[in-house]
Amino acid sequence: MGEDTRRYGELNPSPRLLFGTGPTNPDPRVLRALGLPLLGQFDPEFTAIMNEVSDLCRFVFRTDNRRAFPVSGTSRAGLEAALCSILEPGDRAVVGVAGRFGELLAEIATRCGAEVTRVETEWGRLIDPDALRAAASRARPKAVALVHGDTSTGVLQPLPDLVQIAHEVGAVVVVDAVLTLGGVPVETDRWGLDVCVAGTQKCLGCPSGMAPLTYTAEVERMILGRRRPVQSNYLDLGQLQAYWGPDRLNHHTLPTSLTYGLREALRLIHEEGLEARWARHRRAGAALHAGLEAMGLRLFGDPAHRLPMLAIVEVPEGISEAGIREALLREHDIEIMGAFGRLRGRAWRVGFLASNAELRHVLHFLAAFEDVLRDAGLRLPPRAGVEAAMRAVA
Ligand SMILES: *Cc1c(COP(=O)(O)O)cnc(C)c1O
């Protein structure tokens with residue numbers, strides 16, 4: 001190997017507007033928190049911060065659960081921690097599969113060695129309560145896993161009826177609220193969610209890398225009463241709760257900077273208030289949906305169950321899905337996303353999450369989107385999107 005004589009430029013990423021389905025742009029105060037001086041993980045100043053993070057998690061999840069803390073790792077680490085700490089090989093689980101993230105829950109539960117029954121529905125539709133009841137009465141599962149807002153389909157799944165069905169057969173309910181927490185109501189205690197898992201880079205407005213979760217005392221007993229230890233040391237909630245709890249039993253080295261960022265993101269939600277934040281996401285989404293429809297574009301999924309902060313936009317005939325995304329990035333510094341599975345190449349996924357859920361961002365996007373679609377040859381009524389968006393929230 002010769003000496004490396006290249007020069008490496010200063011890191012200077014473009015100021016992208018992240019209008020996809022996550023990550024979203026964090027508030028500048030969150031970014032600033034990431035650069036604060038490090039504390040040791042058992043410094044009393046830092047353990048006090050950990051306790052505040054737990055308190056703020058309880059606030060955002062709307063729960064009085066004793067156990068509420070982030071797992072270090074992205075959202076799927078939180079989902080995996082929940083499922084692999086509850087399920088032992090041979091246990092039965094029922095999973096609602098209505099999109100990419102229901103598939104993920106089924107895959108993780110299968111890897112835990114559980115016997116998994118899938119309750120499937122066509123993408124864009126809700127899980128049918130009767131189908132869940134039939135599967136749950138047959139399987140008598142230990143756990144039922146459900147996605148609250150599936151980012152691949154843009155559908156918001158109402159949970160209370162499904163939770164009741166699971167509880168009737170004695171199962172605990174594990175919910176993926178990765179997209180929804182902080183953007184739409186997630187009522188952990190009122191809806192009876194036994195485990196609720198979130199992510200940081202969606203409606204919480206923090207970089208990815210932690211997965212806040214919470215679970216009940218019943219789930220805690222289930223985890224501590226396992227026949228054999230959790231296969232994963234890193235994702236063992238029994239060990240993690242002993243680290244996050246007053247015993248502070250040493251586990252991994254907590255990512256200090258991300259913990260600061262998460263604390264600041266949660267603090268901002270506390271300061272704004274959950275109701276005001278949900279209303280802000282609703283308002284931005286109403287403008288987005290009205291704007292896109294006024295441009296003559298079709299939105300995927302049942303309008304009655306659309307996630308307010310997302311739009312899954314069908315690609316019109318003759319337009320290149322990837323070409324439009326590239327033009328938005330190149331000409332406007334705007335990122336949106338393509339789709340998965342059977343929607344791949346056929347839809348764009350657009351989202352206004354956390355501090356991006358503002359009318360001015362929606363208007364900026366609609367104007368840029370109109371511009372690149374027109375350049376690609378689509379005939380569009382001028383300014384129809386922007387004007388409809390403004391009217392929708394006037
Ligand atoms: C983004 C997302 C995930 C996965 O999150 P990572 O942070 O990428 O691990 C899981 N479920 C839903 C609903 C999501 O939107």
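Order of listing sets the numbers, starting from 1, for every ligand and every atom in it.
Using a 4.5 Å heavy-atom threshold, the side chains of Arg16 and Leu329 count as touching. The side-chain heavy atoms of Lys202 and Val178, taken from C-beta on, include a pair separated by under 4.5 Å.
By the neighbour-count criterion of 12 heavy atoms within 6.0 Å, atom CD of Gln231 is sparsely surrounded, having that number or fewer from other residues, nucleotides or ligands.
Under the 6.0 Å cut-off for aromatic ring centres, His270 and Phe59 qualify, their centroids lying closer than that.
With ligand atoms numbered from 1 in the order given, ligand 1 contributes 12 (C), 13 (C), 14 (C), 15 (O) to contacts under 4.0 Å with heavy atoms of Thr151.
For Gly149, the heavy-atom gap to ligand 1 drops under 4.0 angstrom.
Of the protein's non-hydrogen atoms, the one nearest atom 2 (C) of ligand 1 is Lys202 NZ, 2.5 Å. Atom 11 (N) of ligand 1 has Asp176 OD2, 2.7 Å as its closest protein atom, hydrogens excluded (heavy atom only). Nearest protein neighbour of atom 9 (O) of ligand 1, counting heavy atoms only, is Thr74 OG1, 2.7 Å. Among protein heavy atoms, the minimum distance from atom 4 (C) of ligand 1 is reached at Phe101 CE2, 3.8 Å.
Considering backbone and side-chain atoms together, Asp150 places no N or O closer than 3.5 Å to any N or O of ligand 1.
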Assess whether salt bridge (Lys or Arg N to Asp or Glu O under 4.0 Å) is satisfied between Glu358 and Arg360, documenting all intermediate values.
-> CA-CA 5 Å; Glu358 294 285 353; Arg360 67 194 165 88; 5.2 Å; no

Residue pair Tyr243, Met50: steps toward the side-chain contact (heavy atoms from CB on, under 4.5 Å) verdict | CA-CA 10 Å; Tyr243 174 36; Met50 288 171 70; 4.0 Å; yes

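Comparing Ala77, Ser75, Ser208 against atom 7 (O) of ligand 1, the shortest heavy-atom distance belongs to Ser75.
Between Phe352 and Phe19, the ring-plane angle classifies as tilted under the 30° and 60° cut-offs.
The part of Gln201 lying near ligand 1 is the side chain, judged by heavy-atom distances below 4.0 Å.
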